[in-house]
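A short worksheet on the structure shown next.
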Protein chains: 2
Amino acid sequence: MSERVVPPAARRRRRPTKQGVVLSAELIVATALRLIEEHGSEALSVRRLGRALGADPSSLYRYFRHTDDLMLAVADELIGRSMRSWRPTGDWPADLRDLGLRMHAGALAHPRAAVLSAHRVTGRAQEIQAVETILGVLRRAGFPDPEAVRIYHAFVDQALAFGALDSAGTALPRAAREAEAQVWRDTYGRLPAATHPHIAATSRHLVATMRASSYPAALELFLTAARTRLDHVRADGAG
Amino acid sequence: MSERVVPPAARRRRRPTKQGVVLSAELIVATALRLIEEHGSEALSVRRLGRALGADPSSLYRYFRHTDDLMLAVADELIGRSMRSWRPTGDWPADLRDLGLRMHAGALAHPRAAVLSAHRVTGRAQEIQAVETILGVLRRAGFPDPEAVRIYHAFVDQALAFGALDSAGTALPRAAREAEAQVWRDTYGRLPAATHPHIAATSRHLVATMRASSYPAALELFLTAARTRLDHVRADGAG
DNA sequence: ACCTTATGACAACACCGTTGACCTGTGAAG
DNA sequence: CTTCACAGGTCAACGGTGTTGTCATAAGGT
């Protein structure tokens, strides 16, 4: 075996599979993304991917060392797609909101990749560009450097963490998802006020609210707090 | 097969396994937690768990319908351990801060289990108690019901999401962790100001800040925003 | 036209969760 | 005490998974 994976630059022989498909890392990543989108993230396995490509599963190991490797490539593609069309408006809360929602939506669109890559620092081009962009928004808004970095860190981690959390939810098998909805309806919706007064008093809101992602709300709270911080910084600077 | 799992209350015959172990739901959950802690979350499988217990894997299906069911029980146990010693002080931001830090710390104490269970609704005893407690803090603080539920949702998800994110980081192999630190030092610490002005200007802060969890900072921002909301609610109510 | 070798295919391995059928000892009832 | 229903442990099997050692072959430089 030694080294199964040949770096892309060294690849030359474009030999088609039995079913006539010419493989490439790009085609594999694209097909994986398509599979996830069409049949859910649990539908992604090396064997299924091989079948979808018209190739033997083991052929994929000529392009990726293992499944994790493939998922990272998928994640990288994801970052690119999320940020590609973003343009700053100069209104920093609006810009941050847009960026946060984009990152979150990107994660939700490809749950399995998101869960896997949320906690990793790649140091690759797309990621660096994103860091520079977000820091720029904050510094231009007037946050002093240490505060800008703190806010940046919390902002990015919040987007990634909620993205991963909500992704894990959507990656659940359908039966488990329905079971969760039922728990909210049947368990939390029916607790007696005598033993659980606060749940009973708010059960209507709980059942309605808990099925959706809380990221939009959390993001608004984040922006509110950031504005408050900026006001204090300015007041201190002026005083 | 029909109904394999007998509810705990109806269990009476304590028949030991071939290896002399007397099974119970509690023993199984405790063993699962131990396995996860000792050998990583990927070491948890029905078969391994059976081996660790000294029982046939299929025996576990007398106590849990499927693996998911078992994971929910593990998650509930985790919640219970985090909340067991908490006492309210009446100062709602302080209480929320304490609760948030406890949940986060609980996740970090059991990284692999936290990653697996953060996104699940268990509907079990410990979780219900936690929901009631947190809702109580918010409602007593003066948040009207729909707002209390929204804030509750964001608060819990934030704690769970950051817990899972930071857990995933600490669960990484040592080599990978060091590689990440090096990326911050060597890649982000050395980008030229000409191409990446914002990163270059803040690189000192970036390198220092990015290694620690951003949850405490995010939590403070959350509390700031919640206070602002409460002020607005009161002003509206008074006006 | 030849030869190297990149790359696809195959078969096998060691796992996984889950279930239907079977067996056995417990513990309550008589 | 004995009986005996059945809770609960065991066994074997099914269809899935990621991964790898080996082999075959056609692509492409010479």
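Proteins come first, then strands; the chains are lettered A, B, ... in the order of their sequence lines, and each starts at number 1. Worth saying up front: this structure is predicted, and the values here are computed from it rather than measured.
- No side-chain donor from either of A:E132 and B:Y188 sits under 3.5 Å from a side-chain acceptor of the other.
- Contact check, A:K18 against D:dT25: no side-chain N or O comes under 4.0 Å of OP1 or OP2.
- Taking atom CD1 of residue B:I28 and atom C1' of nucleotide C:dG17, one finds them 15 Å apart after rounding to whole Å.
- Here C:dT7 presents its C1' atom at 16 Å from CD of A:Q19, a figure rounded to the nearest Å.
- Both B:Y61 and B:P16 sit near DNA chain C, but only B:Y61 has its closest nucleotide nearer the 5' end.
- In this structure, A:V21 and B:R51 both approach DNA chain C, and ranking their closest nucleotides by distance from the 5' end singles out A:V21.
- What separates CG of B:L27 from P of D:dG9 is a distance of 11 Å, to the nearest Å.
- Within the 4.0 Å cut-off from OP1 or OP2 of D:dT19, at least one side-chain nitrogen or oxygen of A:T67 is found.
- Among D:dT19, D:dT10, C:dT18, the nucleotide with an atom closest to any side-chain atom of A:H66 is D:dT19.
- A:D56 places its CG atom 10 Å from the P atom of C:dA11, with the value rounded to the nearest Å.
- At a threshold of 4.0 angstrom between heavy atoms, the contacts of B:S45 are confined to the sugar-phosphate backbone, with no base atom among them.
- To the nearest angstrom, C1' of C:dA9 lies 16 Å from CG of A:L49.
- For the pair A:L60 CG and D:dT20 C1', the interatomic distance rounds to 14 Å; values are reported in whole Å.
- Taking every side-chain heavy atom of A:L23 into account, C:dG8 is the closest of C:dA9, C:dG8, D:dG8.
- Dashed line: the shortest gap from a side-chain N or O of B:R65 to OP1 or OP2 of C:dT18 is not under 4.0 Å.
- The local environment of CZ in B:R211 is sparse, with at most 12 non-hydrogen atoms from other residues, nucleotides or ligands closer than 6.0 Å.
- Between B:D68 and B:R120, at least one side-chain N (NZ, or NE/NH1/NH2) sits under 4.0 Å from a carboxylate O, which counts as a salt bridge.
- As judged by a 4.0 angstrom heavy-atom cut-off over every strand, B:S59 is placed among the base-contacting residues.
- Of the listed nucleotides (C:dC16, D:dT25, D:dT10), D:dT10 has the atom at the smallest distance from the side chain of B:T17.
- For the 3.5 Å distance criterion, the side chains of B:Y63 and B:E26 fail to qualify, holding no donor opposite an acceptor.
- Interface remark: the A:R62 side chain does form a donor-acceptor pair with the C:dG8 base, using a distance-only criterion of under 3.5 Å.
- Base engagement by B:S58 is indicated by at least one non-hydrogen atom pair under 4.0 Å involving a base atom.
- For A:R47 and C:dA12, the CZ to P distance is 13 Å, given to the nearest whole Å.
- Between B:R15 atom CZ and C:dC23 atom P there is a gap of 12 Å when expressed in whole angstrom units.
- By the 30° and 60° cut-offs, the orientation of the rings of B:Y215 relative to B:H104 is parallel.
- A salt bridge links A:R97 with A:E220: at least one charged nitrogen is closer than 4.0 Å to a carboxylate oxygen.
- Heavy atoms of B:Y63 sit under 4.0 angstrom from primed sugar atoms or phosphate atoms, though from no base atom.
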